[in-house]
Amino acid sequence: MNLDFTENRNISTPSYFYISGFSGIPHVRYYYIFLFFVYIISLLGNSCLMLVIIIDRNLHTPKYIAVFNLSLTDICESTAVIPQLLDTFLFGNQLIPYGLCLFNMFSVFVSISTQSLSLAVLSFDRLVAICLPLRYHTIVTHRSMLVIIGFTWAIVLLMVSAATIFISRLSFCRVIVIINSFYCDHGPMYRSACSNYLPNSVIGGLYPVLILGFPVSFIFFSYVCIAVTLSKITTPQDRQRAAKTCTAHLIVVAIFYVPITFTYALSSFINTNTRIINLSLTSALPPMLNPIIYTFKTEEFMASLKRVLKRRIIFPYSK
């Protein structure tokens, strides 16, 4: 195994990174088995949700374009995090080649970032639907929703590509760089460099603000506006009907943002293994729970699911 540095234009890059997360945790193999089943459920649940949206024309609306995008990001996030985590720790492949580590960081950051922005897109849809119901179909169209989603993907790809490029320009003074995380995390990677990593530090500071802080602020603002609008609705039935349309989205938002917010806010008070487990659960559980929540909490989707099952299973040969 070649453990020498690779010299390229005065940049010293190690051949391997060593992922050291989940060290010293008793019975941790059971946690890996749990993550495996979480991954299977995430794939099945989100694939089913996406398939129903594709099949049922009643769900070919801007809202469900955003829901479809969220399911797509859920599959991307689960696939970026869990298989690599299992291969790294369950099968003992903690030495990861330099190029593969950069790709792992890129894929994880893209999937988590797009999921965060997808939740903000869904809150925009609910904001317009409840606060501007008469203008909803002129503001939120198929084209505008696709443009917004495309813009979020472009922003994420641009930011994560910049972070990856700046990481690739760093020099490392160790043969094997140790990363105390469950994947090739951006912060531990650039802080292990022996060259100037100021641009990486700036990106590391801006990233949570733009990818986590801005969406949370926008979601909070949108639901303040929604709450004000609901308070002006005089009929209890109309108020309850409008509030129910936001329930599923609020649960999904809480599942994604609350654990990661508390983990980063209390990072100085919790030990490393607790932080790593919390962050790995934050990456694994929302993709599994999102399709379940949208299935059982959204009457419109349940009705579409029943129609699809009746048409495809009960009467498979009917025209």
Side-chain angles (χ1 to χ4, degrees), residues 5-6 8-14 16-21 73 76-77 79-81 84-85 96-121 148-174 177-219 256-257 259-268 272 275-276 278-280 282-283 286:
F5 287 106
T6 301
N8 182 20
R9 297 180 183 177
N10 298 323
I11 297 174
S12 301
T13 59
Y16 294 91
F17 287 93
Y18 182 82
I19 311 300
S20 65
T73 61
C76 292
E77 181 175 1
T79 303
V81 173
Q84 182 66 50
L85 187 152
I96 300 181
Y98 177 80
L100 182 59
C101 203
L102 290 182
F103 176 76
N104 177 244
M105 184 198 76
F106 178 86
S107 59
V108 171
F109 269 53
V110 166
S111 57
I112 293 176
S113 303
T114 50
Q115 187 180 47
S116 177
L117 294 179
S118 295
L119 293 174
V121 172
I148 292 172
I149 291 173
F151 179 75
T152 61
W153 277 90
I155 289 294
V156 167
L157 290 173
L158 181 63
M159 285 194 61
V160 180
S161 295
T164 306
I165 291 171
F166 278 114
I167 285 285
S168 69
R169 306 308 299 169
L170 293 176
S171 292
F172 296 86
C173 298
R174 296 180 180 177
V177 177
I178 299 175
I179 300 177
N180 194 7
S181 184
F182 63 95
Y183 71 103
C184 295
D185 199 349
H186 177 258
M189 284 181 72
Y190 79 74
R191 283 192 290 268
S192 300
C194 57
S195 59
N196 180 23
Y197 54 73
L198 179 61
N200 307 84
S201 179
V202 172
I203 292 177
L206 288 176
Y207 181 85
V209 175
L210 297 177
I211 300 301
L212 295 176
F214 173 75
V216 168
S217 301
F218 179 78
I219 292 170
F256 181 79
Y257 286 111
I260 197 170
T261 300
F262 275 98
T263 300
Y264 280 112
L266 302 176
S267 60
S268 58
T272 302
R275 178 181 62 84
I276 290 174
N278 287 344
L279 290 177
S280 62
T282 302
S283 302

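Worth saying up front: this structure is predicted, and the values here are computed from it rather than measured. Numbers here are sequence positions counted from 1.
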Quiz item: Taking atom OG1 of T282 and atom CZ of F256, what is their separation to the nearest 0.5 Å?
Solution: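 Reported to 0.5 Å precision, the distance equals 8.0 Å.
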Is the shortest heavy-atom distance from the side chain of [X] to the side chain of [Y] under 4.5 Å?
{"X": "M189", "Y": "L170", "value": "no"}
{"X": "Y190", "Y": "P199", "value": "no"}
{"X": "N278", "Y": "F262", "value": "no"}
{"X": "C76", "Y": "T114", "value": "no"}
{"X": "Q84", "Y": "Y183", "value": "no"}
{"X": "Q115", "Y": "P286", "value": "yes"}
{"X": "I179", "Y": "C101", "value": "yes"}
{"X": "P14", "Y": "R174", "value": "no"}

Practice problem: Start with the C-alpha gap between I19 and C184, add the side-chain angles, then the distance that decides, and say whether side chain to side chain contact (heavy atoms under 4.5 Å, CB included) holds. | Solution: CA-CA 7 Å; I19 311 300; C184 295; 3.9 Å; yes
Quiz item: Under 3.5 Å, is there a donor-acceptor pair between the S116 and Y257 side chains?
Solution: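 The answer is yes; a qualifying pair exists.
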Practice problem: Show the numbers, then the answer: is there a side chain to side chain contact (heavy atoms under 4.5 Å, CB included) between V108 and S283? | Solution: CA-CA 9 Å; V108 171; S283 302; 5.7 Å; no
Exercise. Taking all heavy atoms of I211 and all of P215, pick out the closest pair and write down the distance.
Key: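 For I211 and P215, the tightest heavy-atom pair comes out as O-CG, 3.1 Å.
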Exercise. If the plane angle is over 60° it's perpendicular, under 30° parallel, otherwise tilted; pick one for Y207 and F109.
Key: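 Taking F109 first and then Y207, their aromatic rings sit tilted (interplane angle of 30° to 60°).
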